[in-house]
Amino acid sequence: MSNDVAEPIASQETESLVKRLAGPSTGKAGLAIDQTEINRIIAKASKGSKFYENEKKKDKDLSERIEKILKQRDDAVRDVDLRSIEQAADRFIAELESQRDLSQIIVHVDMDAFFANVELLYNPDLKGKPFGVGRGVLSTASYEARKYGVRSGMPGYIAKKLCPELIFVSSHFSRYMEKSNAVMAILRGYDPNFYAAGCDEAYLNITAYCESHNLTAAECVQEMRKTVFEGTQLTASAGIAPTKMLAKICSDKNKPNGQFELPFEKDAILSFLSDLSIRKVPGVGRVNERLLESIGIKTCGDIFTHRATIYLMEKQFGRQYLFRTYLGITSNVVQPISRDERKSIGAERTFSALSDKEKILQKLNEVAEELEKDMKQNGWTGRTVTLKFKLDTFQVFTRAKTFDRWITKKEELYATGKELLTPEFH
DNA sequence: AAAACTTAT
DNA sequence: ATCAATAAGTTTT
C-alpha cells in the first residue's frame, strides 16, 4: 500500500460519478467493508478512459434531468395546500391497504455465487481463495473476492487493482446449465408453476405444498435447500414472504446458505420496509435511486414522508408503484413464462474499434449468422429487426425496421442490418 | 413505429 | 491499455 490512500478525489469528480463508476451492482448487494475507499480505487483506475468520459457525460445528463424535476416540483408545490394533498395520498394508500393479501407463501430461491461455486466443484483448490469467473468482464466473484469489492460486471483489470491476488477462472456455461437444470428440477417438485428468473434464481408459491405436507414455510424451505444441496453440492439462500418483491429482498438477508422469513403481518412488513434502502427494491436502479434521493427518499419509509410530492408528481415518480412498495403490497402471482411470451431474441459482439467499413460488415454478418442459428434452434421468428451499435466512445444507438412478413434467414438479417447501418457511415 | 433509456442477471 | 451479452419493460420522439 502506498501513500495515495489520502489523495483526495479530484474536485470535478462528483460523488455521484464516483458511485456510478463503481458499477450498477454496488449498493444492490451488501456493502463491503469500506465502499468509499473501493469506489475511490475504481474511479482512479478508470480515470481518463473513454468509458470514464462516457459515464461522466451520463452523470451530468442525469444531474440536469434531476434539476428539471426539482423545478417542476417547486412549481407543483407552490400554491397548493399540502395538507389536503397528503390527505388525498392517505386515502389512496388506505384503498391499497384494503387489498392486502397475506394468504400466499412466496419463496425466492437464490443460488449463492452460482458460477463461482460451480467452478469450485470442478477445482476444489480454489476453496478459500479470491477468484472471479470470466475474462475481460467478470460474471461473478467468489465470496473471498467480494470482500475486496470485486463484483459481477466488473472489468478484470479493475478487479485486480482491488484484489491483486485475484485468480481468473474461465467460464463454462454448459456446466452452469447442467447444474441449473438440476436445481430447477428439484424446485419444480415444490411448485409445478414456479418461475425461473434466470439460471440461478426462482420464485415459488409453496402454499399448497406446505398445506399438503403439513409443513411450516420455514421447514419446507429448509428441506428444499437441503435437497438442492444434496442433489447439486451447491448452496442456496431463500426468502419467505407474502409477495415476490418481499421474498426477493428477504433472500438477501441471510446470504449465503441461509433463509429469512418475514412475518406475515402488516405491521411487521411495514417496519421491515421502513428503514430499507430504496435501492434494494426491484426496479429501483441507480437512476431512480438518484431521482428519489433528490426529493429526500432514501428508504421505503421515506415514501410516506414525501407522499404529497409523489402524489402531485405522478408522472415523474409513479405513485401507485411507490405507495405499493411502501406498503409491501405487490404481486404474489407466480407463474412460469410460457414460450410464446418471448418478446425478442438477439446476438451482439463487442470488438475493438474498426474504421474499415468492410470489416464492420463482416462483423455484422457474424452476428446475423449466429442469430439465425439461435432462431432456428428454437423455432423463433420476428418482424422487427433492430440493429444496435456502439462507438468507441461507448455511445449506444439503435436503428430498427419493421416488416409485414416474418424474418428468419441470415441473408435477410444481414441485408436489413446493412441497410440500417449504411447511413451511419460518414 | 422508432429510438432512447432503465433495469436485471 | 483494458468495461460483456442478453432480454424485457418504460418513456420519449
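Being a predicted model, the structure only gives us computed values, none of them experimental. Lettering follows sequence order; numbering is per chain, from 1.
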Contact class for [X] vs. all strands (heavy atom < 4.0 Å): base, sugar-phosphate, or nothing?
X        : answer
A:Lys50  : nothing
A:Lys58  : nothing
A:Glu201 : sugar-phosphate
A:Arg65  : sugar-phosphate

Could you check how far [atom1] of [X] sits from [atom2] of [N], rounded to whole Å?
X        : N      : atom1 : atom2 : result
A:Gln395 : B:dA4  : CD    : P     : 10 Å
A:Asp59  : B:dC5  : CG    : C1'   : 15 Å
A:Lys44  : C:dA1  : NZ    : P     : 13 Å
A:Leu162 : C:dC3  : CG    : C1'   : 13 Å
A:Lys401 : B:dA3  : NZ    : C1'   : 17 Å
A:Met313 : C:dT11 : CE    : C1'   : 15 Å
A:Arg279 : B:dT7  : CZ    : P     : 7 Å
A:Ile69  : B:dT6  : CD1   : P     : 10 Å

Stepwise ring-ring contact (aromatic ring centres under 6.0 Å, His included) check, A:Tyr176 with A:Phe173: CA-CA 5 Å; A:Tyr176 314 146; A:Phe173 288 98; 5.7 Å; yes

Ring-face cation of A:Arg307 near A:Phe304 (centre distance under 6.0 Å, axis angle within 45°): yes

Short side-chain N/O contact to B:dA2 OP1/OP2 from A:Thr402, under 4.0 Å: yes

N or O in side chain of A:Asn288 less than 4.0 angstrom from B:dT7 OP1/OP2: yes

Euclidean distance for C1', C:dA4 against B:dT7 (whole angstrom): 16 Å

Under 4.0 Å protein heavy-atom contact, by nucleotide of nucleotides 4-9 of chain C - B base, S sugar-phosphate only: BBBSSS

[X] has a side chain; which of [options] sits nearest to it?
X        : options             : value
A:Thr398 : B:dA4, B:dT6, C:dT2 : B:dA4
A:Thr384 : B:dA4, C:dC3, B:dA2 : B:dA2
A:Lys248 : B:dA8, B:dT9, C:dT2 : B:dT9

A:Lys253 atom NZ, neighbour heavy-atom count above 12 within 6.0 Å: no

Test item: side-chain donor near acceptor, A:Asp275 and A:Thr299, under 3.5 Å: no

Any donor-acceptor N or O pair under 3.5 Å, side chains A:Thr416, A:Arg399: no

Partner of A:Asp61 under side-chain hydrogen bond (donor to acceptor under 3.5 Å, both in side chains), chosen from A:Arg65, A:Lys57, A:Lys58: A:Lys57

Salt bridge A:Lys226-A:Glu230, side-chain N to carboxylate O under 4.0 Å: yes

Cut-off 3.5 Å, no hydrogens considered: what does the side-chain donor-acceptor table look like for residues 387-394 of chain A, sequence neighbours left out?
{"unit_1": "A:Asp392", "atom_1": "OD2", "unit_2": "A:Lys50", "atom_2": "NZ", "d": "3.2"}
{"unit_1": "A:Thr393", "atom_1": "OG1", "unit_2": "A:Gln395", "atom_2": "N", "d": "3.4"}
{"unit_1": "A:Thr393", "atom_1": "OG1", "unit_2": "A:Gln395", "atom_2": "NE2", "d": "3.0"}

